[in-house]
**Student:** 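A single structure is presented below for examination.
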Amino acid sequence: MRMNIKNYISEINAIESIFNNDGNFTKIEFDSRNVKNNDMFVAIVGSLQDGHEYINQAIEKGASVIICEKIPETLNPKVSYISVKSSSKALGILASNFYDNPSQKLKLVGVTGTNGKTTIATSLYNLVQKLGYKAGLISTIQVIIDNKKIEATHTTPDQLKLNKYLSEMVDSGCDYCFMEVSSHAIVQNRIAGLQFVGGVFTNLTHDHLDFHKTFKEYLKAKQQFFTSLSPKAFAITNNDDKNGQVMLQNSKAKKISYGIKTVADYRASVLESHFEGMLLQIENKEVWTNFIGKFNVSNILSIYSTAIELGFEKDEVLRNISSLKPVEGRFETLHSNNNITAIVDYAHTPDALENVLTTINEINAGEGKVITVVGAGGNRDKTKRPEMACVAAELSDKLILTSDNPRCEDPEEILKDMLKGVNIVQQKKTIKITDRKEAIKTAVMLANKGDIILVAGKGHEKYQEINGVKHHFDDKEVLSEIFNLLQ
């Protein structure tokens, strides 16, 4: 497929254009290593590397068009150069056009917030499939094109992959796509050029401050997504979150709200709560759900409100919601033969950890001990580490601090950071075991009949990243193995 950059000069808001050829290109790349003859190379200014440093390398490999934020001083007489204010934004617009604007041929809904994105996006995908329509999913866990599954590497893929996936969804006959929209993706313009029919806000709590630096900047990133929605789109927000309405302040989209504790367009209440699920009342109708915890009531409400705003019939939506299953690694329960319950959850922020432990304690009602195994990821937001440990210590009878994904950090240093959040009294019920498998094994050994073990932080992940190497590790697999040894 050949395209001509001259057709998109106004769309990408070109500042300066130098044409030394006809402007044609066959493919778009932002990684110089992948460039081939007659490709366009887009020089992205990243957090770790600046693509402008690789312009000459891209030209040597055959690039015919360069998109950049600063035109090099030395020019190649056979190459065209176009400067733009934002290369990453231009990449999104160009990628969308290259794949024939697939987001305009689908009903694309973006889900953003700190917690709940994967559950909501995945459940919406499953719901729409149950309702008889083909759909796609772009999530932290996986990308699904109708029924074809691809393992995910990022919560929100880069501009080229994203449009490629959307294009494949269109070709597969999908009517809908539900995608997680991370704060990183918003700031890095990964969703530039996409057309959303709706956006969903879950909540905003402490996370990713290693990237955004301040909570205010983190909030602004999320808010930017709703500001970008068109007047024809809908914007659904969680009124129970103090930042729920802040998200929609500058949005021109149709504003919709949901909530449990506050006045909202869509409301729900919990009638019964068990480890097997909950009985809810949504708009005066009783609905059983396999999901557990008040935080999941919010998730169910966002799923319900999104489906209604998409035009689905209320009774059909409620009937199918009752058959939805929780997402892998989100409050997944395992039971031993001696009546110990283990819960595996992805909770890796203070708020998510508090939600899960509060739910466990409410259902448990003091009948058994709560033993928590948790760590914190390396090379990520350090400020949340003591907060996570503080929450876990406060809401658990026994706390075992261990490794999560240490990445390139010393796991002992991560645990030291976490221990800063545990006071002197709480230290008596806290154990530090660096080896995650040993930590889980110790939790099982300490548990008696009726006790509950929470293994938090990794959820669906099937690996543990140590010094740049991903080793196979599955919390559920480890728990099952240890439970089987106890038979």
**Student:** Hey, are the side chains of L137 and T122 touching, using non-hydrogen atoms and a 4.5 Å cut-off?
**Tutor:** yes
**Student:** Within a strict 4.5 Å, meaning less than it, do heavy atoms of the L219 and M247 side chains meet?
**Tutor:** yes
**Student:** Could you list the donor-acceptor pairs under 3.5 angstrom formed between side-chain atoms of residues 292-299 and any protein atom two or more places apart in sequence or on another chain?
**Tutor:**
unit_1, atom_1, unit_2, atom_2, d
N296, OD1, N299, ND2, 2.9
N296, ND2, I292, O, 2.8

**Student:** Counting C-beta onward and ignoring hydrogens, is there a side-chain heavy-atom pair between E168 and K148 closer than 4.5 Å?
**Tutor:**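 Contact flag for E168/K148 side chains = yes.
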**Student:** What salt bridge (Lys or Arg N to Asp or Glu O under 4.0 Å) pairs are there with at least one residue in residues 38-61, not counting sequence neighbours?
**Tutor:**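 For residues 38-61: K27-D39.
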**Student:** Quick one: does D158's side chain get under 4.5 Å of F30's, heavy atoms only?
**Tutor:** yes
**Student:** I need the single residue from D171, D100, D175 that forms a salt bridge (charged side-chain N to carboxylate O under 4.0 Å, His left out) with K105. Which is it?
**Tutor:** D100
**Student:** Please tell me whether F196 and F225 form a close aromatic pair, meaning their ring centres lie under 6.0 Å apart.
**Tutor:** yes
**Student:** Under the salt bridge (charged side-chain N to carboxylate O under 4.0 Å, His left out) rule, what do E328 and K462 come out as? Steps first, then yes or no, please.
**Tutor:** CA-CA 11 Å; E328 182 185 9; K462 303 290 191 294; 2.3 Å; yes
**Student:** For the atom pair CG (N34) and CG (L160), what is the distance rounded to the nearest 0.5 Å?
**Tutor:** 9.5 Å
**Student:** Please list all pairs meeting salt bridge (Lys or Arg N to Asp or Glu O under 4.0 Å) that have one or both residues in residues 274-284, counting only residues at least two apart or in different chains.
**Tutor:** E283-K314
**Student:** Any side-chain heavy atom of I308 within less than 4.5 Å of one from Y266?
**Tutor:** yes
**Student:** Could you check whether K36 pairs with E29 (Lys NZ or Arg NE/NH1/NH2 to Asp/Glu carboxylate O, under 4.0 Å)?
**Tutor:**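 A salt bridge is absent here (no side-chain N lies under 4.0 Å from a carboxylate O).
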**Student:** Given side chains that start at C-beta, do those of I67 and L91 come closer than 4.5 Å, heavy atoms only?
**Tutor:** no
**Student:** Could you walk me through whether L127 and V317 pass side-chain contact (heavy atoms from CB on, under 4.5 Å), step by step?
**Tutor:** CA-CA 8 Å; L127 175 64; V317 171; 4.1 Å; yes
**Student:** Determine which pairs satisfy salt bridge (Lys or Arg N to Asp or Glu O under 4.0 Å) with at least one residue from residues 240-266, sequence neighbours left out, and list them in order.
**Tutor:**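 Listed by first then second residue: K254-E309.
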**Student:** Identify, with sequence neighbours excluded, every residue that meets ring-ring contact (aromatic ring centres under 6.0 Å, His included) alongside Y133.
**Tutor:** Y176, F312
**Student:** Please tabulate, one pair per line, all N/O donor-acceptor pairs under 3.5 Å involving side-chain atoms of residues 12-24, not counting sequence neighbours.
**Tutor:**
unit_1, atom_1, unit_2, atom_2, d
N20, ND2, N76, O, 3.3
N20, ND2, V79, O, 2.9
N21, OD1, G23, N, 2.9
N21, OD1, S80, OG, 2.5
N21, ND2, S64, O, 2.8
N21, ND2, K78, O, 3.0
D22, OD1, N24, N, 3.0
D22, OD2, N24, ND2, 2.9
N24, OD1, N4, ND2, 2.9

**Student:** Does any non-hydrogen side-chain atom of Y346 lie less than 4.5 Å from one of N115?
**Tutor:**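 With C-beta onward as the side chain, the pair stays apart.
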